[in-house]
Undergrad: 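I'd like to ask some things about the structure below.
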Amino acid sequence: MKCAARRNLQIIVALPFLAAIALSVRTQIAGQVPSTEWRPNQRTEARFVGSKACAECHRSKVASQQATPMGTALASPEDCQILRSNLNLTFRNGQYTYRITREANRSIYTVTDGAGTLSTPILYCFGNGEAGQTYVLHHNGKFYESRLSFYNDIRGLDFTMGHSSSPPATIQEAMGREMGAEETRNCFGCHSTNAVSGARLQLDHLMEGVSCEACHGPGDKHVAAMRAGDLKQKGIFNPKRLSTEDLSTFCGTCHRSWEQVALMGIRGVRNVRFQPFRLTNSKCYDSEDKRISCIACHDPHENRKRDEAFYDSKCEACHNSPTSATQPAQTQSSKRVAVACPVGKKNCASCHMPKYELPGSHFKFTDHHIRIVRPGEQYPN
């Protein structure tokens, strides 16, 4: 059964601080309150211990998770493989010439119009480069999003999505876009671990990438309990216990939930990269069915599966009845079933989850709005 509140767009559950409260209340009603509540970037007095401590017991999961796009979502220039492999990147836009050069363990972002030059070290690299990588600069006490990004498809620089291709009026504007305090917190909060506590940005505590504690919460109490042999009070949050609806909200903290996208008014193909939003628009989405949850297909501890047959099995978990409605499939009475596709028997996603390229992204995103795609149809909002 789908969430009626979502369909009616009740703003009270869409506002970030109330959404966290609403989620906690719904979880308590369902009797699924974990031993430790956790929401990404919430203020906490608990202590982060780092993935090394997690690896004492979860070695293989930590190792695989650190290699995922989430685990490598942010890197310092010193550790950034793209910048280490591309020592001299250049780009031209009107009167402006851009260059990213390597100096020892630093990468320097420079823009000049021939009369003046602005040059500053790159502070952090955002994105692991599978699609692209954008740079955050710190100049004169302010944070800037670089006007140019690296795109893997072209192996070079192009305009960061959202930035105009028209030459700016000033060299300061040519460098990039100044980021507000809230935007800065959101960016670091979703690409790293322990960089944000409530409304406070704390880069001196930052751990690169989305690591264990970004989703499971600070691990000090859990580590202490496990070392003491206390298996009853584990002191850690496990998102896997959440319902499909609550998990969509949880993942949507960074990947954008239905409420967020609807209120922001992001229309057209620009919202294709917000997977929780797109998934909940699917006719087959059911807030109470874990077979359609984010982690039904994606294990955040592992890289995304590339084998189409893997996803076919996920579709068949629901679409396993005969094509004739008069011949119901045998299944558990507590689970809904849907008819099998009468056209194809494999590679379900290639037809029902088409890929779309965002203008300027140099990358095709899989649309998580699962549906029967009609020839010539417009992108469905």
Side-chain angles (χ1 to χ4, degrees), residues 20 23-24 27 32-76 78-81 124-128 130 185-198 200-242 246-255 290 293-305:
L23 175 56
S24 177
T27 304
Q32 299 176 358
V33 181
S35 56
T36 301
E37 285 288 344
W38 172 248
R39 298 291 171 261
N41 305 326
Q42 73 180 38
R43 185 172 182 176
T44 178
E45 301 302 323
R47 188 171 63 89
F48 285 73
V49 296
S51 296
K52 186 176 180 180
C54 303
E56 291 179 18
C57 295
H58 307 283
R59 184 175 303 276
S60 62
K61 279 196 173 183
V62 171
S64 61
Q65 193 279 331
Q66 288 180 333
T68 65
M70 287 177 62
T72 54
L74 178 144
S76 66
E78 179 179 359
D79 298 324
C80 177
Q81 188 58 46
Y124 280 107
C125 311
F126 281 68
N128 76 333
E130 179 179 0
R185 291 194 300 270
N186 289 341
C187 291
F188 278 100
C190 283
H191 284 261
S192 64
T193 303
N194 199 26
V196 178
S197 180
R200 183 165 60 94
L201 184 66
Q202 47 183 29
L203 296 187
D204 54 328
H205 289 74
L206 177 149
M207 291 181 274
E208 295 181 11
V210 179
S211 60
C212 310
E213 294 166 290
C215 294
H216 292 286
D220 60 338
K221 293 182 180 179
H222 176 64
V223 170
M226 295 303 99
R227 287 174 177 171
D230 185 357
L231 301 181
K232 292 185 178 180
Q233 300 295 328
K234 295 184 178 181
I236 199 72
F237 173 63
N238 188 353
K240 188 176 181 179
R241 299 177 184 175
L242 295 174
D246 290 345
L247 187 64
S248 178
T249 301
F250 184 86
C251 298
T253 301
C254 291
H255 294 280
K290 290 197 173 185
S293 76
C294 302
I295 59 175
C297 292
H298 301 295
D299 184 344
H301 305 99
E302 300 178 359
N303 275 309
R304 186 174 71 255
K305 303 296 185 185

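Only heavy atoms go into these numbers, but all of them, side chains included; no hydrogens, no water, no symmetry mates.
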Undergrad: May I have the step-by-step check of side chain to side chain contact (heavy atoms under 4.5 Å, CB included) for Gln66 and Ser51, ending in yes or no?
TA: CA-CA 9 Å; Gln66 288 180 333; Ser51 296; 3.6 Å; yes
Undergrad: List the residues meeting side-chain hydrogen bond (donor to acceptor under 3.5 Å, both in side chains) with Asp230, not counting sequence neighbours, and say none if there are none.
TA: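 Once residues adjacent in sequence are excluded, Asp230 has no partner under the side-chain hydrogen bond (donor to acceptor under 3.5 Å, both in side chains) criterion.
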Undergrad: What pair of heavy atoms forms the shortest contact from Met207 to Gly50, and how long is it?
TA: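 Shortest heavy-atom separation between Met207 and Gly50 comes out as SD-CA, 3.8 Å.
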Undergrad: For Lys305, which residues count as a salt bridge (Lys or Arg N to Asp or Glu O under 4.0 Å) partner, sequence neighbours excluded?
TA: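 Per chain and number, Lys305 pairs via salt bridge (Lys or Arg N to Asp or Glu O under 4.0 Å) with Glu302.
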Undergrad: Under the side chain to side chain contact (heavy atoms under 4.5 Å, CB included) criterion, do Leu201 and Phe188 qualify, and how do the steps go?
TA: CA-CA 8 Å; Leu201 184 66; Phe188 278 100; 4.0 Å; yes
Undergrad: Tell me the closest heavy-atom pair linking Pro218 and Ile236, and the distance in Å.
TA: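 Residues Pro218 and Ile236, closest heavy atoms: O-CD1, 3.8 Å.
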Undergrad: Check for a donor-acceptor pair, side chain of Glu208 on one end and backbone N or O of Ser192 on the other, with a separation under 3.5 Å.
TA: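 No.
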Undergrad: To the nearest 0.5 angstrom, please state how far the CG atom of Leu74 sits from the OG1 atom of Thr193.
TA: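 That separation rounds to 9.0 Å.
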Undergrad: Any chance the SGs on Cys190 and Cys254 are under 2.5 Å from each other?
TA: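 Disulfide present: SG-SG distance under 2.5 Å.
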Undergrad: Just do the side chain to side chain contact (heavy atoms under 4.5 Å, CB included) check on Met226 and Leu231 with the steps written out, would you?
TA: CA-CA 7 Å; Met226 295 303 99; Leu231 301 181; 4.1 Å; yes
Undergrad: Under 4.5 Å between any side-chain heavy atoms of Gln202 and Val196, yes or no?
TA: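 In short, these two side chains do not touch, never coming nearer than 4.5 Å.
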Undergrad: Are the charged groups of Glu213 and Arg47 less than 4.0 angstrom apart, N to O?
TA: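 No, Glu213 and Arg47 are not salt-bridged.
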Undergrad: Students often mix this up, so state it plainly: with edges at 30° and 60°, are the rings of His58 and His222 parallel, tilted or perpendicular?
TA: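 Judged by the thresholds at 30° and 60°, the geometry between His58 and His222 is parallel.
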Undergrad: Checking side chain to side chain contact (heavy atoms under 4.5 Å, CB included) for the pair Cys215/Phe250: CA distance, chi angles, key distance, verdict?
TA: CA-CA 9 Å; Cys215 294; Phe250 184 86; 4.3 Å; yes
Undergrad: Rounded to the nearest 0.5 Å, how far does CG of Leu206 lie from OH of Tyr124?
TA: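 The distance works out to 4.5 Å.
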Undergrad: Please give me the minimum heavy-atom distance between Cys212 and Val62, naming the atom from each residue.
TA: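 For Cys212 versus Val62, the nearest heavy atoms are SG-CG2, 3.9 Å.
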Undergrad: Quick check, are the ring centers of Phe126 and His191 under 6.0 angstrom apart?
TA: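 Phe126 vs His191: aromatic centres under 6.0 Å.
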Undergrad: What's the separation between atom CG in Asp299 and atom CZ in Arg304, rounded to the nearest 0.5 Å?
TA: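 The distance works out to 13.5 Å.
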Undergrad: So does Leu247 get a backbone contact from the side chain of Ser293, meaning a donor-acceptor N/O pair under 3.5 Å?
TA: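 No; zero donor-acceptor contacts below 3.5 Å.
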Undergrad: Are the side chains of His301 and Thr68 in contact, using a 4.5 Å heavy-atom criterion?
TA: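 Answer no - side chains too far apart.
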Undergrad: Taking the side chain from Gln65 and the backbone from Val210, do they hold a donor-acceptor pair closer than 3.5 Å?
TA: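 Yes.
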Undergrad: Would you give the length of the straight line joining atom NE2 of His216 to atom NZ of Lys234, rounded to the nearest 0.5 angstrom?
TA: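 So the gap between those two atoms works out to 12.0 Å.
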